[in-house]
Amino acid sequence: MIAKVIVDVPTSNTDRVFDYDIPKEWEEVIQPGVRVVVPFGPRKIQGFVVDVTNDSTFHKTKPIDDFLDVVPVLTSELLSLGEWLADQTLCFQLSAYQLMIPAALRTKVKKELCLLAHIETLPYSIRPHFQGDKSPLWNDLVKDKNVSLKEIQQAVKEGKLEVRYQVEEKGKKKMERYVKVSENTTCDIPTRAVKQRELLAYLQSLGKPIAVQALLQETKMTRQTITTLVKKGVLQEFDKEVYRDPLAGVEYERTLPLELTDQQRDVIQPILDTLETKSHYTFLLHGVTGSGKTEVYLQSIDKALEQKREAIVLVPEISLTPQMVQRFKGRFGSKVAVLHSGLSMGEKYDEWRKILRKEVQVVVGARSAIFAPFTNLGIIIIDEEHETSYKQEENPRYHARDVAIFRGKHHQCPVILGSATPSLESYARARKNVYRLLPLTERVHNRAMPEVHVVDMREELRSGNRSMFSYILLEKLKDRIEKGEQTVLFLNRRGYSTFVMCRDCGYVASCEHCDISLTYHRTQNSLKCHYCGHEEKMPTKCDSCGSEHIRFFGSGTQKVEEELTRVLPEAKVIRMDIDTTRRKGSHERLLSAFGRGEADILLGTQMIAKGLDFPKITLVGVLAADSMLHIPDFRSAERTFQLMEQVSGRAGRHDLKGEVIIQSYTPDHYSIELVKSHDYEQFFQMEMTQRKVGLYPPYVFMVLITISHSELTNVITVSEKVVSFLRRELFESTTVLGPVASPLARIKDRYRYQCMIKYRNEPRLLEALREIRQHFIREINQGDLQISIDLQPYLFT
DNA sequence: AGCACGCCGACT
DNA sequence: GTCGGCGTGCTC
């Protein structure tokens with residue numbers, strides 16, 4: 001039998017299957033989806049078996065060296081999904097498969113040198129490395145300058161040393177020491193050994209093995225007592241695999257399905273029907289904030305579980321908070337696995353194995369959870385469908401929504417895209433009946449949508465208010481503090497200020513490796529580059545003219561916090577941004593403190609815009625609504641509207657009525673204006689007109705090609721070649737823009753140029769893009785050239 | 001990715 | 001003459 005293997009060598013000329021003989025005795029184990037170790041040239045590497053056949057067209061097949069899994073880590077569905085993904089995103093098939101398994105399973109093959117002859121026969125210089133009983137690693141030897149490679153090679157040739165390849169798995173299963181009473185306890189314990197008798201009696205009454213740790217804690221005995229009993233053969237110790245439990249000790253209150261509103265009943269019916277008939281549809285659940293989308297999800301999942309099918313729920317990383325997890329754990333208890341970036345590598349591995357072993361039926365997770373190895377999927381839900389974090393911004397540049405639909409078709413199950421502010425792409429598809437639109441227009445319990453005031457900050461300035469809080473916002477803040485109600489203040493910018501400028505000559509401190517201004521960080525009193533990590537001390541004088549009049553411009557959360565304590569000294573403020581939530585669990589701690597009413601104001605960035613649901617929040621303030629509107633991105637208006645709606649949705653979700661103050665310098669812009677009436681439909685119409693005029697998605701599809709090199713002239717010549725090739729190859733109806741310098745024209749001392757393709761129908765596109773890569777393959781391999789190709793990009797830097 | 005093969009310059 | 005530079009190409 002022959003195994004078709006995708007080898008672990010991420011290059012374009014090895015991005016295909018290689019054939020290997022399956023040794024007779026392994027024919028049962030080696031099946032598609034199993035990882036194997038294979039000889040590849042002179043070395044041993046890892047690979048994924050993607051297929052098993054009877055014969056090969058290749059004549060010199062070598063046998064598989066070893067296998068890493070007894071049970072496949074990739075299902076046949078995931079194998080074909082990987083193929084599709086590699087094709088669609090122009091990535092290596094290998095990269096697609098690695099995406100689907102937890103990082104803990106991404107093994108490295110290490111090269112070791114084993115001593116075969118007597119140590120005295122080796123040259124002096126390399127002897128010290130072979131003194132212990134551990135074989136030294138090749139890489140460590142090479143790094144050591146005292147060791148000559150020549151001598152090692154010589155020793156290998158003479159048969160004194162041997163090179164061996166060791167596969168090292170990063171993820172270890174966690175083991176715990178257990179004890180149990182031996183089957184036939186004939187040995188009697190002396191009457192005087194009270195402790196031992198007590199312990200044995202306890203274990204016998206327990207009737208099952210127990211973890212040594214737990215036993216010691218419960219009985220207050222000493223380790224010695226157990227060891228003695230084990231020696232006597234009365235007890236047996238053994239290792240048992242345990243799951244790391246990231247949520248250990250957290251109790252979830254069970255919740256029952258809620259009574260649905262008429263609207264909820266209307267939208268859930270088509271989903272239940274689709275489940276019933278085991279067919280595939282993509283639904284766009286467009287529900288205003290607070291309309292009870294989650295309850296629709298929960299009851300749909302319930303139906304899938306009833307059918308003995310499984311469910312995947314995707315949630316943006318940022319809103320994958322304990323509150324969110326609580327809602328799913330509360331309804332489905334131990335049937336739920338949670339996957340997000342906050343877990344350690346080992347914890348992720350454990351959650352993933354629960355899925356593989358069918359110990360859970362529901363997965364709640366961020367983007368990559370879409371690859372959960374379920375085999376009988378019943379429903380896929382993508383909450384906050386419009387979130388850009390569902391698109392991976394590095395290779396493979398996939399969109400979770402596309403993967404969801406692929407899997408939905410494969411399993412013949414519904415895919416639900418839910419949002420209060422759908423992406424224009426999805427809403428346009430829903431209107432064209434590619435997706436089925438399910439509208440939820442009212443909040444549950446007939447709660448009113450929050451009232452929104454837009455404050456013209458230019459006016460404020462004219463009337464002499466130079467602070468970052470408008471009069472009305474300040475007034476309402478005071479009012480809430482008096483009434484003991486809570487406020488959420490939103491600012492889309494962390495840190496202290498955005499950039500540092502000299503007031504005399506206008507010089508802006510910028511990174512020496514990237515074309516971007518540095519950001520001031522107050523705690524370290526330093527300037528940092530957010531792209532390459534470069535950091536320098538905050539200058540006291542202007543680098544350009546020597547003036548001491550250096551000032552900060554723009555304000556981040558840190559600065560607002562300072563300002564707040566100045567104007568409202570009585571207010572208790574909790575600040576939430578990447579800087580205050582970096583430590584594990586701090587996110588949760590800050591939120592629950594706010595939930596308990598330990599602060600009047602929650603001040604934060606993006607991360608507080610979603611999922612936050614506390615009854616006492618009656619005021620939401622947006623400090624600078626336009627901060628997103630002026631970035632040069634065709635989606636900036638869409639993002640502004642989405643964010644404003646999302647943030648407004650935090651107010652008045654319970655009995656108390658909510659109010660929203662939006663501060664803006666462009667209050668008449670439709671993306672801000674329309675938040676007042678919460679009119680998505682109107683916004684959609686306005687924005688679609690803009691997209692049509694500017695020829696942007698959803699009217700066209702886009703591809704962004706970024707070319708980078710350390711030499712500017714090379715970048716320009718390659719970019720020009722790329723553009724003229726594309727113009728020649730593609731339809732005339734297709735627009736090829738560029739080449740132009742990227743918005744970020746230099747990162748880490750590499751110059752960057754880009755070109756953009758806008759098309760409607762272009763069957764030759766993928767092929768043409770592949771040809772570009774192939775054409776410059778030499779420059780890419782041996783050096784410095786990089787060509788990144790992003791289909792349907794969300795990021796234009 | 002590695003590793004070998006192979007074709008040119010500067011040395012014991 | 002050979003040692004070693006790294007460009008080129010292959011790995012079932």
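Per chain, numbering begins at 1; letters A, B, ... match sequence-line order.
In terms of phosphate contacts, A/K60 brings no side-chain nitrogen or oxygen within less than 4.0 Å of OP1 or OP2 of C/dC12.
Taking atom CD of residue A/Q46 and atom C1' of nucleotide B/dA1, one finds them 14 Å apart after rounding to whole Å. Rounded to whole Å, atom C1' of B/dG2 lies 13 Å from atom CZ of A/F18. Distance A/N13 CG to C/dC12 P: 13 Å, rounded to the nearest Å. Whole-Å rounding puts the A/E779 CD to C/dT8 C1' distance at 14 Å. Whole-Å rounding puts the A/I777 CD1 to C/dG7 P distance at 17 Å. Protein atom CZ of A/F40 is 8 Å distant from nucleotide atom C1' of C/dC10, rounded to whole Å.
Here C/dT8 is the nucleotide among C/dT8, B/dA1, C/dC12 with the atom lying nearest to any side-chain atom of A/R778. Counting only heavy atoms from C-beta on, A/T61 has its side chain closest to C/dC12 among B/dA1, B/dC3, C/dC12.
Atom CZ of A/F731 is separated from atom CG of A/N761 by 6.0 Å, given to the nearest 0.5 angstrom.
Taking the six-membered ring for Trp and the full ring otherwise, the centers of A/F634 and A/F796 sit less than 6.0 Å from each other.
Salt bridge annotation for A/D87-A/R770: present, with a cationic side-chain nitrogen under 4.0 angstrom from a carboxylate oxygen.
Under a 3.5 Å cut-off, the side chain of A/Y794 and the backbone N or O of A/Y390 do not form any donor-acceptor pair.
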